[in-house]
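Keep in mind that the numbers below use all heavy atoms, side chains included, and drop hydrogens, waters and symmetry copies.
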Amino acid sequence: MNPEISVSNDPCQPPQRENAVAASFRNLLNGGKFVYGAELVTTRGIPEANGPPKLVELGEALAADSRISWVSITDNPGGNPMLPADWLANILKPTGKQLVIHLTCKDLNRNGLESAAWRYSAEGFHNILVLTGDYPAAAGFQGQALPVFDLDSVGLITMLKAMNDGMEVSRPNGKLDRLPKTDFFIGAAVSPFKRQERELMPQYFKLARKIRSGAEWVIPQLGYDIRKFHEISLFMDWAGLSSPIVGNVYVLNKTVAGLFNKNRIPGCVVSDELLAMAEKYAAGPDKGRAFFLELAAKQLAAFKGMGFAAGYLGGVHTADAFAKIIDMAEGFGADDWKEFAKEIQFPKTDEFYLFEKDEATGLGDRERLNESYVKSLKTPPRAGDVTLSYQLTRMIHSLAFTPGKMMFPSLQKFYGRLESGGSRRTLGALHRIEHASKSLLYGCRDCGDCALPHTGYLCPRASCSKTQRNGPCGGSFDGRCELDDKECLWARAYDRLKYYHESAEIFDGPPVVANAALVGTSAWANNFLGRDHQHTTPPDKPSQS
Ligand code: SF4
């Protein structure tokens, strides 16, 4: 395949390629026919010099299989450095197969991500799955890499959507320019396999924020509970969202089941019950192969039966195994999936569901929200995190920091006068007071673009390993951060907001993207003077106090 290239006269603008393949992936997921995709993971290190590497052979065999509609290529999974996804995508492009590239926020800042996105667009790769990404593993060169997380998944989706709309940029001469539009078909992940309400509900609400920000298709994390997969579609209906859902299957073996069970691959969940079953079958003569393949096929059949757009298969190392699983899935009877949906339910003890169980189907009942959840919304419990200092902070914020209200206009004028009068010493003293008090209360890192009003007054720089400003990543485990060194900030924020009957609106605002130009400056001044993320006009560089 040789896509046509049209080159703009403006050397600053990237070449635009016509790619019928990308458009057809969008059509495939929206076409009403259940389709299958396969996941490929690249390798660390250059491929073997003699002959095509096994990975390329596998990719080409999958591309040649008409049962598989697309191949998806991961981006440094598990936080490990690998060959970039578009290395393999470029090799597979001549096959004409639909290709999806994963793009994560852990290794590149927003400029690196934008640059990667322009490259993918120029290379003809328009199907992008956006993920926050796993925290870098300790397997980098001479130790662990510093994670980036300049944007989170919502920020990256917002940026790709802006590129699709024709991104506006300032030129060196100060003029605003609109770049050519891209045609990304943006996918988003959701992690429903969370045991606690305070983890699960922020996941669902964040999914809604991702879709509002520009995501057009959805893929859940890995888990083995069809009721939870089904609940995603119930939640989306409930929230008035309608994007195609791709069911996700990873073919287990005993080792992987153990890793998932211990949360060694963040967000991928295997319960103790399923682990015990995996260990029992793995002790058999075929090491459990038949059981694991059949489990994967049954999951795919359940996704199809539930009306998902597609099934996506990973953890398979031969094209034959992919084909065998899909054949098995297609070979079941039309209603067999209903039994599989009941059979493949391996929740953790006390797992929270948003919808009550329909005893007839074993799935969620779309007519009945979880009764104790509904009751708790009316009389929310006071969680330990609803501290006196949190309550005081809320009061002060509503008095002084709510635009247009109470003391805000006077403080706005006051800061405006100080800046226009060049009162640098007073501004510096106020900044020092601000930073000292916020350090004491929140562990403030002086980012200058304060997120506290959106995070239940918990500082993401101090209390979130990935500095997430738009909701939780998928890695939390039983309410704790994927690094297991603290409670998840977002579970705590949910508890705080729920006490004030605000949990359902937790992510209703526009996406929050911090501006690094403000680091080391007064967040109060930046807020009053319209320079922080809460204001839509591009900020001026503040004076350093
Ligand atoms: S978000 Fe920024 S300004 Fe606000 S408390 Fe954290 S580091 Fe400080």
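- Salt-bridge check for E273 with K348: failed, with every basic side-chain N at 4.0 Å or more from each acidic carboxylate O.
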Original post:
What's the verdict on salt bridge (Lys or Arg N to Asp or Glu O under 4.0 Å) for R119 and D86, showing C-alpha distance, side-chain angles and the deciding distance?
Top reply: CA-CA 9 Å; R119 189 175 80 234; D86 64 330; 2.9 Å; yes

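- Taking 4.0 Å as the cut-off between side-chain N and carboxylate O, R366 and D237 count as a salt-bridged pair.
- Of the N and O atoms on the side chains of K498 and S376, at least one donor lies less than 3.5 Å from an acceptor on the other residue.
- For the residue pair T95 / E60, no side-chain donor-acceptor distance below 3.5 Å is found, with atom types taken as modelled.
- Salt bridge annotation for K298-E294: present, with a cationic side-chain nitrogen under 4.0 angstrom from a carboxylate oxygen.
- Take D484 and apply the salt bridge (Lys or Arg N to Asp or Glu O under 4.0 Å) test, not counting sequence neighbours, and it matches R480.
- Put simply, the side chain of Y312 reaches to within 4.5 Å of the side chain of V246, judged on heavy atoms.
- At a cut-off of 3.5 Å, with distance as the only test, no side-chain donor of N76 or T74 sits close to an acceptor on the other residue.
- Using a 3.5 Å distance cut-off with no hydrogens or angles, the side chains of S465 and K486 do pair a donor with an acceptor.
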**OP:** Evaluate the criterion side chain to side chain contact (heavy atoms under 4.5 Å, CB included) for residue pair L259 and V270; output intermediate values, then yes/no.
**Re:** CA-CA 8 Å; L259 291 172; V270 160; over 6 Å; no

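- Looking at D286 and R289, no side-chain N of the basic residue comes within less than 4.0 Å of a carboxylate O on the acidic one, giving no salt bridge.
- Side-chain contact annotation: H126 with T182, donor-acceptor N/O pair under 3.5 Å absent.
- Comment: E330 engages K304 in a salt bridge, judged by a side-chain N to carboxylate O separation of less than 4.0 angstrom.
- A salt bridge does not link E502 to R496: none of the charged nitrogens lies less than 4.0 Å from a carboxylate oxygen.
- Residues R67 and D65 are paired through a salt bridge, judged by an N-O separation under 4.0 Å between the basic side chain and the carboxylate.
- In summary, the aromatic rings of F229 and F193 are positioned with their centroids under 6.0 Å apart.
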**OP:** Carefully, step by step, assess R227 and E351 under the rule salt bridge (Lys or Arg N to Asp or Glu O under 4.0 Å).
**Re:** CA-CA 11 Å; R227 182 177 163 197; E351 181 108 7; over 6 Å; no

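- A salt bridge links K161 and D165; the closest N-O separation between the charged side-chain nitrogens and carboxylate oxygens is under 4.0 Å.
- Atoms CD1 and OH, from I326 and Y36 in turn, are 6.5 Å apart once rounded to the nearest 0.5 Å.
- With respect to the salt-bridge test (charged N to carboxylate O, under 4.0 angstrom), the residues R26 and D183 qualify.
- Under the 3.5 Å distance criterion, with hydrogens and angles disregarded, no donor-acceptor pair is assigned to the side chains of E39 and Y250.
- In this structure, W490 has its ring center closer than 6.0 angstrom to the ring center of F507.
- At least one donor-acceptor pair closer than 3.5 Å links the side chain of W217 to the backbone N or O of F185.
- The number of heavy-atom neighbours closer than 6.0 Å to NZ of K342, taken from other residues, nucleotides and ligands shown, is above 12.
- Between the side chains of S153 and T132, at least one donor N or O lies within less than 3.5 Å of an accepting N or O.
- In summary, the side chains of E231 and Y204 do present a donor paired with an acceptor at a separation below 3.5 Å, with no hydrogens or angles considered.
- Q196 has its side chain within reach of E199: a pair of non-hydrogen atoms, C-beta onward, lies under 4.5 Å apart.
- Ion pairing between a basic and an acidic side chain is recognised when a charged N comes within 4.0 Å of a carboxylate O; D495 and R492 show no such pairing.
- In this structure, the separation between CG on L489 and CD on Q468 is 9.5 Å, given to the nearest 0.5 Å.
- Within the structure, side chain to side chain donor-acceptor pair (under 3.5 Å) pairs that include any residue of residues 256-268 comprise N261-D272 (at least two apart or interchain).
- The environment of CG in D485 is crowded: more than 12 heavy-atom neighbours from other residues, nucleotides or ligands sit within 6.0 Å.
- Relative ring orientation between F340 and F332 is described as perpendicular, the plane-to-plane angle rising above 60° on a 0-90° scale split at 30° and 60°.
- Not a single donor-acceptor pair under 3.5 Å links the side chain of K97 to the backbone N or O of V71.
- Defined by atom type and a distance below 3.5 Å, a donor-acceptor pair is missing between the side-chain atoms of Q221 and N248.
- Every side-chain contact (heavy atoms from CB on, under 4.5 Å) that S213 has, sequence neighbours left out, goes to V154, I157, T158, R209, P511.
- Ring-centre distance between F34 and F308: not below the 6.0 Å cut-off.
- The structure places CE of M236 at 8.5 Å from CD1 of I232, a figure rounded to the nearest 0.5 Å.
- For K228 (side chain) and P192 (main-chain N/O), a donor-acceptor pair under 3.5 Å exists by modelled atom type.
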